[in-house]
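What follows is one structure encoded as structure tokens, with my remarks underneath.
Just so we're on the same page: letters track the sequence lines, and every chain starts at 1. Here the structure is a predicted model, which is why all the values come from computation and not from measurement. Only heavy atoms go into these numbers, but all of them, side chains included; no hydrogens, no water, no symmetry mates.
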Amino acid sequence: MINLDLSEQEIIRRQSLEEIRSLGINPYPAAEYNVNTNSTEILSNYSVEKNNFQDVSIAGRIMTRRIMGNASFIEIQDDKGKIQVYVKRDNLCPGEDKTLYNTVFKKLLDIGDIIGVKGNVFITQMGETSINAVELIILSKSIKPLPVVKEKDGVIYDAFTDPDQRYRQRHLDLIVNPHVRDAFLKRTKLTNSMREFLNQKGYLEVETPILQPLYGGAAARPFKTHHNTLDQTLYLRIANELYLKRLIVGGFDGVYEFAKDFRNEGMDRFHNPEFTQMELYVAYKDYNWMMNTVEEMVEKIALDIHGTTEVQVGDHKINFKRPWKRFTMFEAIKEFTGIDISQMDENQLTETAKKLGVEVNDTMGKGKIIDEIFGEMCEAKLIQPTFITDYPVEMSPLAKKHRSVDGLVERFEAICNGKEICNAYSELNDPIDQRERFEQQLILGKRGDEEAMVLDEDFLKAIEYGMPPTAGLGIGIDRLTMIMTNSQSIQDVLFFPQMRQEKKSQKDDTSKFADAGIPSEWIPIVQKSGHLTVESLKGINAASLHNKLCGTNKKHKLGLANPSIDDIKSWLEKLN
RNA sequence: CGGCCCGUAGCUCAGCUGGUAGAGCACGUGACUCUUAAUCAUGGGGUCGAGGGUUCGAUCCCCUCCGGGCCGACCA
């Protein structure tokens, strides 16, 4: 029986599937299919003079079909791109039996099907490099129609653009939107380039716990979970900083991790609940050294991805060429507001903030106000990569106090395209100072700051044994990828960005309809007519239901004997 | 959490403040031996996101809900 939930096109494809099987062809063959080249290799290397690619075997998905009687053109898409295939009846079927062309290819194959093609490469009269198919095999039959995107002279028609569908069904997005695929290839290039840089320096890639009994290393609200055997609360990490520093205590001179972190906070085009950071810790270095390292690393990444240090991002051309501009936070504020706040006390800072239109309130300390002024007045204006150094101590409980300026810490962020891309410091290794800083955080926590850090006794104990002076870095992989791929949203650089679960419409089980006295063969039809629950049948007009059911029966050629109005009345009476 | 916008065929979109829906592509059938957004002819395809209200009558007006986008708030 026909499934009433399927669209016309899906029904036709399932029928094609059966016909393929009845011709003795397996639409999902088990055997491996050997390919000896790919679309891009052919398109970039084929030449008539060389007469190469005369025995190619490739596999891919059918993306377009242009059928004209005994000759056809299709485009197939493989891992590297698209290539046109010329399918001529008598080349594909040299013998008497033309079934493979006339029936299988022309009638039973569809856009979206995955096939293998063997043949020779040539150039058509229109000048397009194509494969002349002498062999064609179905590798996987597609029973759902793909979005059809057309293109001519670089102009895209009917692009598949609905963000909801693109993110929930990323596979479709990847099939029909080549630029999406390209962004993800660049993302992997970025992490490969970074890893190569770090390995070449001799640092050790490590893995540390994602499930942590205490969350630390950043200011954020965590996800909470529970371990059954331990009967204990665990948190998904918000950062891995404290574990990596314990490894530095343990004697590794350089450790890094590409870490998925989880923060239970708002979502927007710059924030996803899970995101990736690369954290790096190097012993006997300080934040000045780390700035040089970041410049060198990001410049290399830009060169590896784009072949140049210049990257177009929105309206801006961003240049990652070293050296980057450097400002202390006070200098940056002076640069963009003309006001020198370096010597101001809390009252003067509050006055200045108000004058500048920056919102402040009584709960904010000196550090928070400075940070707020910077965030409002400077950050968005920093388009070219710029280091901002020397932050107020209140904002940075894990950073070492500044070697020469009171009230500041040795910390820097790199700002690019108006957004932070990394955060680093000379790590605090004085265990007594560290304990005091944690205690200040505890006070903030008691005042209701949900993001205040918790005191991590294990970490403190570790650095009491002595941690070498260390430079530490956290660099946001998603944000850096956004810049390197000119993406407007973090969703465009995550394969599967977090989406709200769609609620399925309430639907009663068929048994519930059966219990209510509806004959089993009519249940799907009743549901198709819009009555997904037994409840929804109560009190409705028998004649109108009769009309709908008989109509559906006829329309879908189900061939059931129509019930009489009295039959339907009796069903409905039992319900009421 | 607040403001604005969106949800109609497999896809991209029309639809006059109200009379139960249209186009292009895709799909079916037929024609066509080098096409390329193939073409020509013809046909089918829709609980108009869900529920409720107003109305003789709702894709359209009102309310609630679901999902998404943008901006802001919060936040790195």
Side-chain angles (χ1 to χ4, degrees), chain A residues 4-13 15-16 63-75 82 84-91 101 106-107 110-112 122-128 130 132 142-168 172 176 218-221 238-239 261 263-273 275 277 359 371 375 379 395 413 415 419-423 450-451 474 476 478-479 488-491 497 499-506 527-532 536 548 552 555-556:
Chain A
L4 293 174
D5 291 334
L6 296 177
S7 71
E8 183 194 32
Q9 293 195 44
E10 289 173 290
I11 291 165
I12 289 165
R13 284 181 180 226
Q15 285 165 351
S16 298
M63 299 304 286
T64 64
R65 303 201 308 152
R66 294 182 283 277
I67 294 177
M68 309 152 288
N70 295 333
S72 305
F73 291 90
I74 59 173
E75 276 182 292
K82 280 185 209 164
Q84 180 170 271
V85 178
Y86 177 58
V87 187
K88 188 175 162 73
R89 187 189 62 193
D90 297 335
N91 294 350
Y101 183 82
K106 268 172 75 175
K107 305 268 185 202
D110 291 289
I111 289 174
F122 72 109
I123 294 179
T124 64
Q125 285 173 16
M126 300 300 285
E128 182 156 348
S130 308
N132 172 44
S142 160
I143 59 169
K144 260 191 185 304
L146 228 44
V148 176
V149 179
K150 298 244 174 179
E151 185 244 313
K152 190 193 187 181
D153 300 332
V155 183
I156 308 287
Y157 299 84
D158 299 335
F160 179 59
T161 50
D162 178 10
D164 193 52
Q165 292 196 75
R166 285 183 46 224
Y167 301 144
R168 287 186 200 276
L172 296 181
V176 304
R221 280 142 68 193
I238 58 171
D261 290 334
R263 297 188 184 174
N264 203 343
E265 288 173 349
M267 293 164 60
D268 58 37
R269 70 192 186 92
F270 291 101
H271 298 84
N272 192 66
F275 66 102
Q277 256 197 107
E359 274 184 49
D371 192 59
E379 191 163 352
M395 308 297 300
E413 292 186 356
I415 314 285
K419 278 277 165 190
E420 172 205 347
I421 56 169
C422 77
N423 182 17
E450 286 186 273
E451 296 186 333
D478 311 288
R479 295 231 182 134
Q488 296 302 301
S489 167
I490 197 169
Q491 295 173 118
M499 300 290 276
R500 196 185 294 273
Q501 185 92 43
E502 288 174 297
K503 282 186 186 154
K504 297 222 175 78
S505 54
Q506 186 78 29
Q527 290 178 330
K528 175 72 177 172
S529 72
H531 298 283
L532 296 177
S536 72
K548 280 190 206 167
T552 304
K555 189 166 124 190
H556 293 275

Worksheet item: Can you name the salt bridge (charged side-chain N to carboxylate O under 4.0 Å, His left out) partners of A:Asp162, sequence neighbours left out?
Response: none

Practice prompt. Establish whether the base of B:U35 is bridged to the side chain of A:Gln125 by a donor-acceptor pair shorter than 3.5 Å.
Written response: no

For nucleotides 74-76 of chain B, tabulate all protein N/O to nucleotide N/O atom pairs closer than 3.5 Å, reporting atom names and distance.
| unit_1 | atom_1 | unit_2 | atom_2 | d |
| --- | --- | --- | --- | --- |
| B:C75 | O3' | A:Glu451 | OE1 | 2.6 |
| B:C75 | O3' | A:Glu451 | OE2 | 2.9 |
| B:C75 | O2' | A:Glu265 | OE1 | 2.4 |
| B:C75 | O2 | A:His271 | NE2 | 2.9 |
| B:A76 | OP1 | A:Ala219 | O | 2.1 |
| B:A76 | OP1 | A:Glu451 | OE1 | 2.7 |
| B:A76 | O3' | A:Arg263 | NH1 | 2.6 |
| B:A76 | O2' | A:Glu420 | OE1 | 3.1 |
| B:A76 | N6 | A:Glu379 | OE1 | 2.7 |
| B:A76 | N6 | A:Glu379 | OE2 | 3.1 |
| B:A76 | N1 | A:Glu413 | OE1 | 2.9 |
| B:A76 | N1 | A:Glu413 | OE2 | 3.0 |
| B:A76 | N1 | A:Glu420 | OE1 | 3.0 |
| B:A76 | N3 | A:Glu420 | OE1 | 2.2 |

Discussion item. Take N1-N3 plus N6-O4 or O6-N4 for Watson-Crick, N1-O2 plus O6-N3 for G-U, both under 3.5 Å. Which runs of 3 or more such pairs involve RNA chain B?
Written reply: B:1-7 with B:66-72, B:10-13 with B:22-25, B:27-31 with B:39-43, B:49-53 with B:61-65

Item to complete: May I have the distance from A:Met499 (atom CE) to B:G7 (atom C1'), rounded to whole angstrom?
Response: 13 Å

Worksheet, complete the sentence: Heavy-atom nearest nucleotide on RNA chain B taken for A:Pro147 and for A:Phe73; more 5' hit belongs to A:Pro147

Practice prompt. With the side chain of A:Arg269 defined as its heavy atoms from C-beta on, choose the nearest nucleotide among B:C11, B:U36, B:C70.
Written response: B:C70

Discussion item. Let's test your reading of the model: under 3.5 Å, does the base of B:U35 pair with the side chain of A:Thr124 as donor and acceptor?
Written reply: yes

Discussion item. Please determine whether a side-chain nitrogen of the Lys or Arg among A:Lys144 and A:Glu10 lies less than 4.0 Å from a carboxylate oxygen of the Asp or Glu.
Written reply: yes

Discussion item. Checking A:Glu8 now: which residues fulfil salt bridge (charged side-chain N to carboxylate O under 4.0 Å, His left out) with it, not counting sequence neighbours?
Written reply: none

Worksheet item: Within this structure, what is the NZ-to-C1' distance between A:Lys152 and B:C25, rounded to whole angstrom?
Response: 15 Å

Polar pairs (N or O, both sides) under 3.5 Å between protein and nucleotides 12-14 of chain B?
none

Got a list of protein N/O to nucleotides 26-30 of chain B N/O distances below 3.5 Å?
| unit_1 | atom_1 | unit_2 | atom_2 | d |
| --- | --- | --- | --- | --- |
| B:A26 | OP1 | A:Lys150 | NZ | 3.0 |
| B:A26 | N3 | A:Gln9 | NE2 | 3.1 |
| B:C27 | O4' | A:Gln9 | OE1 | 3.4 |
| B:G30 | OP2 | A:Lys107 | NZ | 2.5 |

